[in-house]
Amino acid sequence: MLKTPLPRSFYLRPTLLVAPDLLGRCLVRRYRNALLAGTIVEVEAYLGRRDPASHSYRGKTERNSVMFGTGGHLYVYFTYGMHFCCNVVTEEEGNGCAVLIRALEPLEGLPVMRKLRGAPAAGDDRLLTNGPAKLCQAFGIGRADNGADLAGDRIYLTRGTPVAGRTIGTSPRIGISEGKEFPFRFYIPGNRFVSRP
DNA sequence: TCTATGATCGTA
DNA sequence: ACGATCATAGAG
């Protein structure tokens, strides 16, 4: 596995090209002294000001300001009073586009992930990272990581094993009330760590 | 100030 | 199906 971070140019493309291209890539996270890693198996695209399901739909606020920055940064938000979720910002400054990472297949650092997830994931490693809030907890991602540069050395993506376009599954996005008609969820069919089949 | 609600998860 | 639990945004 190549350990060098993907270049900035990877993220500066149209979001609907980047999102499926993230499948099979590897998320690497340095957490204290541990190295955590996982393969991305499920994502959702959010298309900025023209997308009613996007946090950036109503323009820039303090909460979503990272979304309006340059691609290649991490947008972390807090929701439902208890969960963090993380997105990869795409395209150029001002567009407000991002891709939500919804599920990972753990590769390295499983013992640390089990400790961070605690009892809810006991006895089944699928429960470590098969959801956007679960994977953030397993990787120790929180408020402090909002705005992190993916070209840095704390959190970044590596090339991994890209997935051929024709084998990618699509569906409507999960948990939204508007924009349900668009198939902007992308996943690896049959992978055990996808949040919903 | 005040209030409704959410890109969710775990338990029943 | 439902409760937990609170930051955020928009209204007043």
Side-chain angles (χ1 to χ4, degrees), chain A residues 11 14-16 18-23 27 38 40-69 71 73-91 95-106 113-148 150 155 157 168-188 192-197:
Chain A
Y11 305 99
T15 306
L16 287 178
V18 177
D21 197 9
L22 283 169
L23 298 176
L27 175 68
I40 297 174
V41 300
E42 179 183 348
V43 300
E44 283 176 359
Y46 288 88
L47 304 187
R49 302 218 52 168
R50 65 197 144 121
D51 178 1
S54 174
H55 284 178
S56 53
Y57 180 56
R58 291 166 202 281
K60 188 174 176 179
T61 66
E62 192 174 339
R63 178 206 202 194
N64 66 21
S65 64
V66 170
M67 280 187 91
F68 284 91
H73 293 259
L74 200 67
Y75 167 49
V76 180
Y77 67 89
F78 184 73
T79 191
Y80 292 100
M82 60 187 91
H83 301 297
F84 289 99
C85 298
C86 71
N87 303 247
V88 170
V89 177
T90 54
E91 304 192 18
N95 285 14
C97 297
V99 179
L100 173 68
I101 302 179
R102 283 196 55 90
L104 299 170
E105 176 167 347
M113 295 184 201
R114 292 187 190 108
K115 187 163 187 177
L116 288 171
R117 287 280 295 130
D124 185 352
D125 283 344
R126 281 179 298 188
L127 300 176
L128 291 175
T129 54
N130 67 342
K134 296 177 191 177
L135 71 90
C136 280
Q137 191 180 9
F139 275 61
I141 294 171
R143 187 177 310 287
D145 304 296
N146 188 35
L150 296 175
I155 306 182
L157 300 186
I168 291 173
T170 64
S171 83
R173 294 170 290 184
I174 291 170
I176 58 170
S177 47
E178 293 189 83
K180 289 175 165 148
E181 61 272 40
F182 305 111
F184 293 160
R185 171 172 176 255
F186 304 92
Y187 60 95
I188 301 179
R192 301 181 342 111
F193 294 85
V194 168
S195 65
R196 297 164 57 158

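Given the structure is predicted, the values throughout are model-derived calculations rather than measurements. Below, each value reflects all heavy atoms present in this structure, side chains not excepted, and no hydrogens, waters or symmetry copies. Order of the sequence lines fixes the chain letters, A, B, ..., with proteins taken first and strands second; residue numbering starts at 1 for each chain.
Aromatic ring centroids of A/Tyr46 and A/His55 lie 6.0 Å or more apart.
Between A/Gly175 and A/Ala121, the residue anchored closer to the 5' end of DNA chain B is A/Gly175, taking for each the nucleotide with the nearest heavy atom.
Put simply, CG on A/Asn87 is 17 Å from P on B/dG6, counting in whole angstrom units. Whole-Å rounding puts the A/Lys180 NZ to B/dA7 C1' distance at 13 Å. A/Leu47 places its CG atom 13 Å from the C1' atom of B/dA7, with the value rounded to the nearest Å. Atom-to-atom, CE of A/Met67 to P of C/dT8 comes out at 15 Å; the value is rounded to the nearest Å. We find that CZ of A/Phe186 is positioned 19 Å from P of B/dA7, with the value rounded to whole Å. Here B/dA7 presents its P atom at 16 Å from CZ of A/Phe182, a figure rounded to the nearest Å. One interatomic measurement links the two molecules: CZ of A/Arg58 to P of B/dA4, which rounds to 17 Å at whole-angstrom precision. Distance A/Asn64 CG to C/dA7 C1': 13 Å, rounded to the nearest Å.
No hydrogens or angles were tested; on distance alone, nothing pairs the side chain of A/Tyr80 with the base of C/dA4 as donor and acceptor under 3.5 Å.
Base contact: A/Leu100 has a heavy atom under 4.0 Å from a base atom.
Residue A/His83 has its side chain nearest to B/dT8 when only B/dT8, C/dC6, C/dG10 are considered. Listed nucleotides: B/dA7, C/dA4, B/dT8. Nearest to the side chain of A/Met82: C/dA4. Here B/dC9 is the nucleotide among C/dT8, B/dC9, B/dG6 with the atom lying nearest to any side-chain atom of A/Lys134. In the set B/dA7, B/dG10, C/dC6, B/dA7 carries the atom at the smallest distance from any side-chain atom of A/Tyr75. Of the candidates B/dG10, C/dT8, B/dT8, B/dT8 carries the atom nearest the A/Cys85 side chain, counting heavy atoms from C-beta on. The side chain of A/Ala133 lies closest to B/dC9, out of C/dG10, B/dG6, B/dC9. Closest to the side chain of A/Arg117, from the set B/dG10, B/dA7, C/dA9, is B/dG10. Closest to the side chain of A/Ile174, out of B/dT8, C/dT8, B/dG10, is B/dT8. Checking B/dC9, B/dA7, C/dA7 against the side-chain heavy atoms of A/Pro132 singles out B/dC9 as nearest. Out of C/dA9, C/dA7, C/dG10, the shortest distance to the side chain of A/Arg63 is found at C/dA9.
Base-pair partner of B/dA7: not found among the strands shown (Watson-Crick or G-U wobble, both distances under 3.5 Å).
Judged by centroid separation below 5.5 Å and plane tilt below 30°, A/Tyr46 stacks onto the base of B/dA7.
A/Glu105 and A/Thr129 form no side-chain donor-acceptor contact under 3.5 Å, judged by distance and modelled atom types alone. Under 3.5 Å, the side chains of A/Lys134 and A/Asn130 contain a donor-acceptor pair of N or O atoms.
Ion pairing between A/Arg173 and A/Glu44 fails under the 4.0 Å rule for side-chain N and carboxylate O.
OP1 or OP2 of C/dA9 sits under 4.0 Å from a side-chain N or O of A/Thr61.
Here A/Phe193 contributes atom CZ and A/Ile40 contributes atom CD1; the two are 14.5 Å apart, rounded to the nearest 0.5 Å.
Under the 4.5 Å side-chain criterion, counting only non-hydrogen atoms from C-beta, A/Leu150 is in contact with A/Ile155.
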